[in-house]
Amino acid sequence: MGTPAIRVEQVGKRYELGATHGGGALLSERLQNALATPIRALRSRRGPTHLQPPQPRSDRDEVWALRHVSLEIEPGEIVGLIGPNGAGKSTLLKLLSAITPPSEGRITIWGRTATLLEVGTGFHPELSGRENVFVNGAILGMRRRQIEARFDEIVEFSGVERFIDTPVKRYSSGMYVRLAFAVAAQLDPEILLVDEVLAVGDAEFQRKCLAKMREASDLGRTVVFVSHDMQAVQRLCSRAYVIDKGGIVAQGAPSQVVAGYLSRAGPEQRGGVAVIPPDAERFRGTEAAKLRRVAMSDDEGRGTSRVRLGQPVRVSLLFEVKQEMEEAIVELGISTPDGQRVATMQNVDRPGSPVALREGLNEVDVVVGITLLPGEYALDAAVHDRHGSTADFVSEAFRFTAVNEPVEGQARWPWPAVRGQVRPESTWSEARPVHKDLVDAASP
């Protein structure tokens, strides 16, 4: 195996409670504390860069955000970092970015690195989007001629053409991240570090960013991607790590790692009802509304987690609404345990329309006319605004089983002599004879 892009050896990060950043911090850490700049300088390197701990300091109350972390990432890999909030994912990304030094261990990085962190604080508020593109491009190591040559591409990718000469203090958080990512995406670094920033963008922008990261991997560049969007991790990444309580607790193929993680961190489910706690693993959206409960029932309204052949899937979704949504789009997905989406339904599917969600608790019911072949499934639930921005998205919010038991008047499926997940309605003709001459005449 050749030289890796990133090597992390027994790294730990210790923070002193109540202490301010001092002499042990890197200059970039002190600047971040002052400016909270999300995109760090693009570092051109002739050889590997080593980041090692500072000198020991006096004893204080302390907490270890990371401890005994070791990993290697190869050039061209897209690696996902997943785990609960506060697990240490963002801390690890800051160490890789050289924003802050490790307290112990060693990090070696081969290649130029661009980092996208902490959306919404990277631009000077009084400058326009155009001016901030040039400022951030210069911070990231681009010459003015390079920025001018790529300016149109940057603006087109960001989708903020109409507001490019408007002071960014009037931008939404989504506009901030679109423009910031667009600048970083044009640098073509060997290594791109991305921390959950895509959660702010709308669905179309997320697709563009995922495509850009996939393109970078195809060109041999390395991407490290921190996300709570389990489906994006499975679609995009070649490998995934679970970080919990400051350490790596699992690694491997994304589908297996995500399935294992969700089985441990999933909602508490009993009697056809899954309660979604506030700290449940979820895609970090605007939080205008948050999923609180998912319930499945049978034809008689009784709670169940079993669906028979030909039986409609009946689901109730309870949302806690913090900010009124006049035109909300509610989404329900059916997926396999490894995260492969089987079907997607939204309340705007014909002949539906958006619903109004008022402050407080709101419940939305859906009946899905789908015949699932026997197997294990999960429900994903989400709510978006009419512009496509996601308020909340919970993968595997409810787990259920499709069983080979017919409803009245239907036959059992000859399981397991069939593949797939869905048994759609179909219309078949009777067999009719065809003369051999007609077949021969049609043959090439």
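All values below come from the heavy atoms of this structure, side chains included, with hydrogens, waters and symmetry mates left out. For this chain, numbers begin at 1 and follow the sequence in order. Since the model is a prediction, treat every value here as computed from it, not as a measurement.
- By the side chain to side chain contact (heavy atoms under 4.5 Å, CB included) test, Arg293 pairs with Val273, Leu318, Glu363, sequence neighbours left out.
- Here Arg314 pairs with Asp299 in a salt bridge; the nearest charged N to carboxylate O distance falls below 4.0 Å.
- We find the NZ-CD distance between Lys322 and Glu359 to be 11.5 Å, quoted to the nearest 0.5 Å.
- Legend: residues meeting side chain to side chain donor-acceptor pair (under 3.5 Å) with Glu156, ordered by chain and number and at least two apart, are absent.
- Across all non-hydrogen atoms, the minimal contact from Gly105 to Pro102 is O-CG, 4.3 Å.
- Here the shortest heavy-atom pairing between Tyr171 and Phe163 reads OH-O, 2.6 Å.
- Closest approach of Leu96 to Ile109, counting heavy atoms only: O-CD1, 3.0 Å.
- The distance from atom CD of Glu161 to atom CD1 of Ile154, rounded to the nearest 0.5 Å, is 12.5 Å.
- In this structure the side chain of Arg214 never reaches within 4.5 angstrom of the side chain of Val223, judged on heavy atoms.
- Listed by chain and residue number, Arg302 satisfy the salt bridge (Lys or Arg N to Asp or Glu O under 4.0 Å) test with Glu300 (two or more places apart in sequence, or in another chain).
- Residues passing the salt bridge (Lys or Arg N to Asp or Glu O under 4.0 Å) test with Asp365: none are found, sequence neighbours excluded.
- Contact annotation: the side chain of Val422 approaches that of Val342 to within less than 4.5 Å [non-hydrogen atoms, C-beta and beyond].
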- Worked verdict on Leu361 versus Val321 for side-chain contact (heavy atoms from CB on, under 4.5 Å): CA-CA 6 Å; Leu361 296 177; Val321 181; over 6 Å; no
- Worked verdict on Ile191 versus Ile73 for side-chain contact (heavy atoms from CB on, under 4.5 Å): CA-CA 10 Å; Ile191 300 168; Ile73 300 174; over 6 Å; no
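- Of the charged side-chain nitrogens involved, none lies within less than 4.0 Å of a carboxylate oxygen, so that Arg221 and Glu190 do not count as a salt-bridged pair.
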Please tabulate, one pair per line, all N/O donor-acceptor pairs under 3.5 Å involving side-chain atoms of residues 239-246, not counting sequence neighbours.
unit_1, atom_1, unit_2, atom_2, d
Arg239, NE, Glu77, OE2, 2.9
Arg239, NH1, Tyr241, OH, 2.4
Arg239, NH2, Glu72, O, 2.9
Arg239, NH2, Glu77, OE1, 2.7
Arg239, NH2, Glu77, OE2, 3.3

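- With sequence neighbours excluded, the residues satisfying side chain to side chain donor-acceptor pair (under 3.5 Å) with Asp392 are Arg282.
- A pairwise comparison of heavy atoms in Tyr261 and Pro84 identifies OH-N, 3.1 Å as the closest pair.
- Proximity of Leu192 to Lys212: side-chain heavy atoms (C-beta onward) are nowhere separated by under 4.5 Å.
- In this structure a side-chain-to-backbone donor-acceptor pair under 3.5 Å is missing from Lys89 to Phe225.
- Between the side chain of Thr304 and the backbone N or O of Arg306 there is at least one donor-acceptor pair closer than 3.5 Å.
- Classification of Glu326 and Arg386 as a salt-bridged pair fails, no side-chain N sitting under 4.0 Å from a carboxylate O.
- Side-chain atoms of Leu379 and Ile334, non-hydrogen and from C-beta on, do get closer than 4.5 Å to each other.
- Expressed to the nearest 0.5 Å, how far CG of Leu210 lies from CG of Leu236 amounts to 5.5 Å.
- Counting heavy atoms from C-beta on, the side chains of Gln421 and Leu373 never come closer than 4.5 Å.
- Within the structure, the ring-ring contact (aromatic ring centres under 6.0 Å, His included) test picks out the following pairs touching residues 357-380 (sequence neighbours left out): Tyr377-Phe400.
- Of the inter-residue distances, the one linking Ile99 atom CD1 with Leu193 atom CG reads 9.0 Å to the nearest 0.5 angstrom.
- Between Val257 and Gln251, the shortest heavy-atom contact is CG2-C, 3.5 Å.
- Scored by the salt bridge (Lys or Arg N to Asp or Glu O under 4.0 Å) test, Asp380 finds Arg341 as partners (sequence neighbours excluded).
- In terms of modelled atom types and a separation under 3.5 Å, the side chain of Thr222 and the main chain of Gly76 share a donor-acceptor contact.
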- Task: Dump the intermediate steps for side-chain contact (heavy atoms from CB on, under 4.5 Å) on Glu331 and Ile329, then the final yes or no.
- Result: CA-CA 6 Å; Glu331 177 181 327; Ile329 299 172; 5.6 Å; no
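- Annotation for Ala381 and Leu317: closest pair CB-CD2, 4.0 Å, computed over non-hydrogen atoms.
- Judged by distance alone, the side chain of Asn347 and the main-chain N or O of Val330 form a donor-acceptor pair under 3.5 Å.
- Between the side chain of Ser238 and the backbone N or O of Ile78 there is at least one donor-acceptor pair closer than 3.5 Å.
- No more than 12 heavy atoms of other residues, nucleotides or ligands sit less than 6.0 Å from atom CZ of Arg162.
- Put simply, the side chain of Ser97 gets close to the backbone of Leu93: a donor and an acceptor are under 3.5 Å apart.
- The side-chain heavy atoms of Pro354 and Val348, taken from C-beta on, include a pair separated by under 4.5 Å.
- Residues satisfying the side chain to side chain donor-acceptor pair (under 3.5 Å) test with Asp165, not counting sequence neighbours, are Arg130.
- Among residues two or more places apart in sequence or in another chain, the salt bridge (Lys or Arg N to Asp or Glu O under 4.0 Å) test is passed with Lys290 by none.
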- Task: Check step by step if side-chain contact (heavy atoms from CB on, under 4.5 Å) holds for Tyr15 and Thr91.
- Result: CA-CA 11 Å; Tyr15 288 104; Thr91 299; 4.1 Å; yes
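- In this structure Val160 satisfies the side chain to side chain contact (heavy atoms under 4.5 Å, CB included) test together with Ser158, Ile164, Met175, Arg178, Leu179, sequence neighbours excluded.
- When side chains are defined from C-beta on, Trp64 counts as touching Ser103, because their heavy atoms get closer than 4.5 Å.
- Looking at Ser70 and Glu9, their side chains never bring a donor and an acceptor atom within 3.5 Å of each other.
- In this structure Ala397 satisfies the side chain to side chain contact (heavy atoms under 4.5 Å, CB included) test together with Ile276, Leu291, Val294, Val394, sequence neighbours excluded.
- To the nearest 0.5 Å, atom CD of residue Gln10 and atom CZ of residue Arg106 are 13.5 Å apart.
- Counting only distance, with no hydrogens or angles, the side chain of Lys13 and the backbone of Pro101 share a donor-acceptor pair below 3.5 Å.
- One distance of note links CG of Leu95 with CD1 of Ile107; it measures 4.5 Å at 0.5 Å rounding.
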